[in-house]
There are 4 protein chains.
Amino acid sequence: MCTIETVTHQSATGAKKKGRPRSEEVQQAILKAAATLLAERGFRALTIEDVAALAKVGKTSIYRRWPSKGILALDAFLSEFLLLQPPIDTGDLAGDLSEALSAWVKTVAGTSTGRTLVALVAEAQTDPELAVAWRETVVARARNQHRSMIDRAIDRGEIPRDSDVDVLMDMLYGPAYHRLLQGHLPLTDDFVHQVVAVVVAGAKAGSAVPSRAAKV
Amino acid sequence: MCTIETVTHQSATGAKKKGRPRSEEVQQAILKAAATLLAERGFRALTIEDVAALAKVGKTSIYRRWPSKGILALDAFLSEFLLLQPPIDTGDLAGDLSEALSAWVKTVAGTSTGRTLVALVAEAQTDPELAVAWRETVVARARNQHRSMIDRAIDRGEIPRDSDVDVLMDMLYGPAYHRLLQGHLPLTDDFVHQVVAVVVAGAKAGSAVPSRAAKV
Amino acid sequence: MCTIETVTHQSATGAKKKGRPRSEEVQQAILKAAATLLAERGFRALTIEDVAALAKVGKTSIYRRWPSKGILALDAFLSEFLLLQPPIDTGDLAGDLSEALSAWVKTVAGTSTGRTLVALVAEAQTDPELAVAWRETVVARARNQHRSMIDRAIDRGEIPRDSDVDVLMDMLYGPAYHRLLQGHLPLTDDFVHQVVAVVVAGAKAGSAVPSRAAKV
Amino acid sequence: MCTIETVTHQSATGAKKKGRPRSEEVQQAILKAAATLLAERGFRALTIEDVAALAKVGKTSIYRRWPSKGILALDAFLSEFLLLQPPIDTGDLAGDLSEALSAWVKTVAGTSTGRTLVALVAEAQTDPELAVAWRETVVARARNQHRSMIDRAIDRGEIPRDSDVDVLMDMLYGPAYHRLLQGHLPLTDDFVHQVVAVVVAGAKAGSAVPSRAAKV
DNA sequence: CCCTAAACGAGACGGTACGTCTAGTCTTATG
DNA sequence: CATAAGACTAGACGTACCGTCTCGTTTAGGG
């Protein structure tokens, strides 16, 4: 796929780069070690020292690249997560949403990837830098994908032009995140279909559900 | 109000209780200190040592009552949170849901209570004991409240008898939790009304949206 | 003998002592471990972490008592060194000085104690707290011992009453320290006797060597 | 003056020297930076990295020339120290010794040069390579100078031919080093004169103080 | 009115991980 | 080759909290 590790703190200034360049092997060894430990023991039990030891790398080589445990974990998470969220185009809104949500559920329900996702959302609450990175690399990416589904549906005339896309997307993923995080009920196929049905119905109803003051 | 601190580890064996009884003042001092520090610095920066120091209490007096930082924080959280979730009965489903969700939003959006809630959801991912306590004292309590709203709506004939209440409730609170946790968009009044509208519409449509195989 | 570990940072304020008292076993385990490592590997290779590991003790238990590696080493050094500097009274100045210097030479020449002594002198150059402790526990103690020798010699009429005791003592130990530190020549019995002879002769000549009165 | 930096690790293999020759500017920049930092912050706080940074030089350029921090510091020290130890010939033993010791005291008492000297003596205890270099460039040099003073005194008939020159020299410098290192008493002019007086007296007494077995 | 037993404040205890620092080595690209 | 820059492994530093464990001191019943 594409290069995903956009988070790493490279000097970024695109300059001439003096001195010994950062080793790509080291980079990969760290990410792999982090991913392994994340899957084995979870985010909470992840320590920089263990990552360094497993990757056979000095701690400084980690701190040089990632400012916090959270952002390192995010990178490790992304390398697994993104591969499992395929581009979707079934030619039909209900189909698109259904496939997208199903893929997401399959990736996170009962998996270590899911547990990591949850931990990252949690961590982002206290680490502002991570919060930004999370929104840019996960939330924004997902929303762009979904927005294009909805745009296609609008183009096809399935739903009204003035739909509030943001709310629709939150109503699609919100309930799923909710079950994942609260764990009160399972993320079944049936759940996915019911949610999609309600959202699609709501979307088609469209401005029949007017924002209180023609939207703020 | 009622006694909320159901979490505290009392000897429980209802026995005759020999020796010096636990001091209620100590209990309250700890909870107050925890709440203060939670509001000031957040869950992550909360340490048992700081709580003990602020409450002028030995660490053992905390560990004697609460098995973990998470459960202590939950108790401190509850004492603030529950007071702000009033019982609701407007005589109308949309009105009930709208008021309930509005009250929730008011309590958590941009407040330290909201930040603590998020941290507790996160913490519950790794602390099973906290996860249980969380579901029992927060999730179950809320769902009972909402279930009775929906039952009343069914009795009134507003929505079909075979509605999937669980999914409806997840679609009401899921999007709200989503915005709170991801922080990508604000929790506005407008958002609340749109969500309620779609959920109510979905509920009224009812089995017109059949579960894939007449429900499992 | 007497209690030597005068350096340890006890609260000292002779107060009521609240909380759990510091364990004497821990104290001794640390000192023993430090002494062992000092003998085995020398001061430079001495690590707080290794001491903690060998003594089966947390690092904090060391930092709680000793403010620096140097002062810990000083305590460990003293417990060995002081036992080997016996009180001396031969009834004769030359005899006293000779025995004292011999005992010192025997203790430090070619021994790990000697190497530690040197390292401590070195360390004291940069650690003012250690410098003070060193002067109080080693230098002052030795000088008191020697001063009483000289006082006895004065009382016996061996040397004049107005002798410059300080210079005499520096001329006794200075050359010995010099050979120990510079390592250019060995600390032999012969060396001891020659130094003692010159010092005793100098002492007896006494004010024949006028201090400042005739000056530069 | 003369080239003093005899310590530097030149390729040494007297060969034809291929490739780019080592820059003299780099050499001097490093020594100057080292001397500056030594004076400013002392030996202990001296870092190869800081020297490299201040001299605007790569760390490798330092390691290529000096095998250790100690030897680099020795070179920096020598460039200051040697200039201040002039050749002496007053035509009289007491005068020679007095002038030599006075010059030494003036150079090291309360100066950064003195502090560095002490640190080097200390460092030499653990760094054998430095110990050798120290003895060769400082101790031996000084002893040669003094030996010639004493030889002249013997030639003049001031002191007996069979004097133990080594012990005399240790008795001259030992007490001075002692006060410098232990810091228990100041290095005054008076001290210098008393020491010289005793040493000269001892020297003149000569074999009246016979080594125990006609010397070993 | 003691006696027993638990709770209490204080703080020491063995640990774990932190993030920083320095050492000495190794790669780059550029003279 | 030497050079400047800087990444590399390694490992000690001193700090912060953890959850447990003594201490000596209350504070209650129950005998």
Side-chain angles (χ1 to χ4, degrees), chain A residues 11 16-23 25-27 29 45-53 55-65 67-69, chain B residues 11 16-23 25-27 29 45-53 55-65 67-69, chain C residues 11 16-23 25-27 29 45-53 55-65 67-69, chain D residues 11 17-23 25-26 45-50 52-53 55-65 67-69:
Chain A
S11 50
K16 323 95 196 296
K17 34 176 160 177
K18 281 196 275 191
R20 180 174 174 178
R22 293 195 187 159
S23 157
E25 288 170 36
V26 167
Q27 179 96 359
L46 187 73
T47 64
I48 298 286
E49 297 208 326
D50 285 352
V51 173
K56 305 210 168 204
V57 140
K59 282 201 283 179
T60 31
S61 290
I62 300 181
Y63 285 115
R64 197 176 292 121
R65 285 155 220 255
S68 69
K69 195 176 80 160
Chain B
S11 49
K16 319 98 193 295
K17 37 187 161 161
K18 280 196 276 188
R20 178 174 173 180
R22 291 192 189 161
S23 156
E25 288 170 35
V26 167
Q27 179 94 1
L46 186 72
T47 65
I48 297 286
E49 297 209 326
D50 285 352
V51 174
K56 305 211 167 201
V57 141
K59 282 201 283 177
T60 29
S61 290
I62 300 179
Y63 284 115
R64 199 175 289 124
R65 285 155 223 254
S68 69
K69 193 176 83 161
Chain C
S11 47
K16 325 93 197 295
K17 30 166 154 190
K18 280 196 274 190
R20 179 173 173 179
R22 292 193 188 160
S23 156
E25 288 170 36
V26 167
Q27 179 96 0
L46 186 73
T47 301
I48 297 285
E49 296 208 325
D50 284 352
V51 174
K56 305 210 168 205
V57 141
K59 281 201 283 178
T60 31
S61 290
I62 300 180
Y63 285 115
R64 200 176 288 124
R65 284 157 223 255
S68 70
K69 196 175 80 159
Chain D
S11 48
K17 37 188 162 165
K18 281 192 280 189
R20 177 171 172 181
R22 290 191 191 163
S23 154
E25 288 169 36
V26 167
L46 186 73
T47 303
I48 297 286
E49 297 208 324
D50 286 352
K56 305 211 170 205
V57 139
K59 281 201 284 177
T60 26
S61 290
I62 300 179
Y63 282 115
R64 200 174 290 123
R65 284 156 222 253
S68 69
K69 194 175 80 160

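Just so you know, these numbers come straight off a predicted model, no measurement behind them. The figures that follow rest on heavy atoms only: side chains count, while hydrogens, waters and symmetry mates do not. The chains referred to below are lettered A, B, ... by the order of the sequence lines, with proteins before strands, and numbering in each begins at 1.
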Enquirer: Could you check how far CG of D:L46 sits from P of E:dT22, rounded to whole Å?
Expert: 11 Å
Enquirer: So if I take every side-chain heavy atom of D:R65 and compare against F:dT3, F:dC8, F:dC18, which nucleotide ends up nearest?
Expert: F:dT3
Enquirer: The criterion is side chain to side chain donor-acceptor pair (under 3.5 Å); which residues satisfy it with A:T60, sequence neighbours excluded?
Expert: none
Enquirer: For the helix from E:dC1-F:dG31 to E:dG31-F:dC1, how many degrees between its two end axes (five pairs per end), to the nearest 10°?
Expert: 10°
Enquirer: Rounded to whole Å, how long is the line connecting atom CD of A:E25 with atom P of F:dA7?
Expert: 17 Å
Enquirer: As an exercise, state the distance from CZ of C:R22 to CZ of C:R64, rounded to the nearest 0.5 Å.
Expert: 6.5 Å
Enquirer: Output the rounded distance in Å from CZ (D:R64) to C1' (F:dA5).
Expert: 13 Å
Enquirer: Please encode protein proximity along nucleotides 25-31 of chain E as a string of B, S and -, counting only heavy-atom distances under 4.0 Å.
Expert: BBBB--B
Enquirer: Can you list the steps and then say if B:V51 with B:I48 is a side chain to side chain contact (heavy atoms under 4.5 Å, CB included)?
Expert: CA-CA 5 Å; B:V51 174; B:I48 297 286; 5.6 Å; no
Enquirer: Counting N and O atoms only, with roles assigned by atom type, does the side chain of D:K59 sit under 3.5 Å from a partner on the main chain of D:A52, one being a donor and the other an acceptor?
Expert: no
Enquirer: Could you tell me how far apart B:I62 (CD1) and F:dC21 (C1') are, to the nearest whole angstrom?
Expert: 16 Å
Enquirer: Rounding to an integer number of Å, can you tell me how far B:Q27 CD sits from E:dG9 C1'?
Expert: 17 Å
Enquirer: Select one nucleotide: of F:dG19, E:dG9, E:dG14, the one nearest the side-chain heavy atoms of C:S61.
Expert: E:dG14
Enquirer: Could you work out which one of E:dA23, E:dC18, F:dT9 sits closest to the side chain of A:E49?
Expert: E:dC18
Enquirer: Could you tell me whether a side-chain N or O of B:T47 sits under 3.5 Å from a main-chain N or O of B:D50, the two making a donor and an acceptor?
Expert: yes
Enquirer: B:S23 side chain to B:E25 main-chain N or O, any donor-acceptor pair under 3.5 Å?
Expert: yes
Enquirer: Quickly work out the B:R22 CZ to E:dC8 P distance and round it to whole Å.
Expert: 7 Å
Enquirer: In this structure, how many angstroms lie between the C1' atom of F:dA10 and the CG atom of C:D50, rounded?
Expert: 14 Å
Enquirer: With nearest nucleotides of DNA chain F determined for D:K56 and A:K56 from heavy-atom distances, which residue corresponds to the more 5′ nucleotide?
Expert: D:K56
Enquirer: Would you tell me whether C:R65 and C:Q27 have side-chain atoms, one donor and one acceptor, within less than 3.5 Å of each other?
Expert: yes
Enquirer: If you find the nucleotide of DNA chain E closest to D:S68 and the one closest to A:K69, which residue's nucleotide is nearer the 5' end?
Expert: A:K69
Enquirer: Closer to the 5' end of DNA chain F via nearest nucleotide, is it A:S23 or D:A52?
Expert: D:A52
Enquirer: What closest approach, in Å, do B:A55 and B:A29 show between heavy atoms, and which atom pair accounts for it?
Expert: CB-O, 3.6 Å
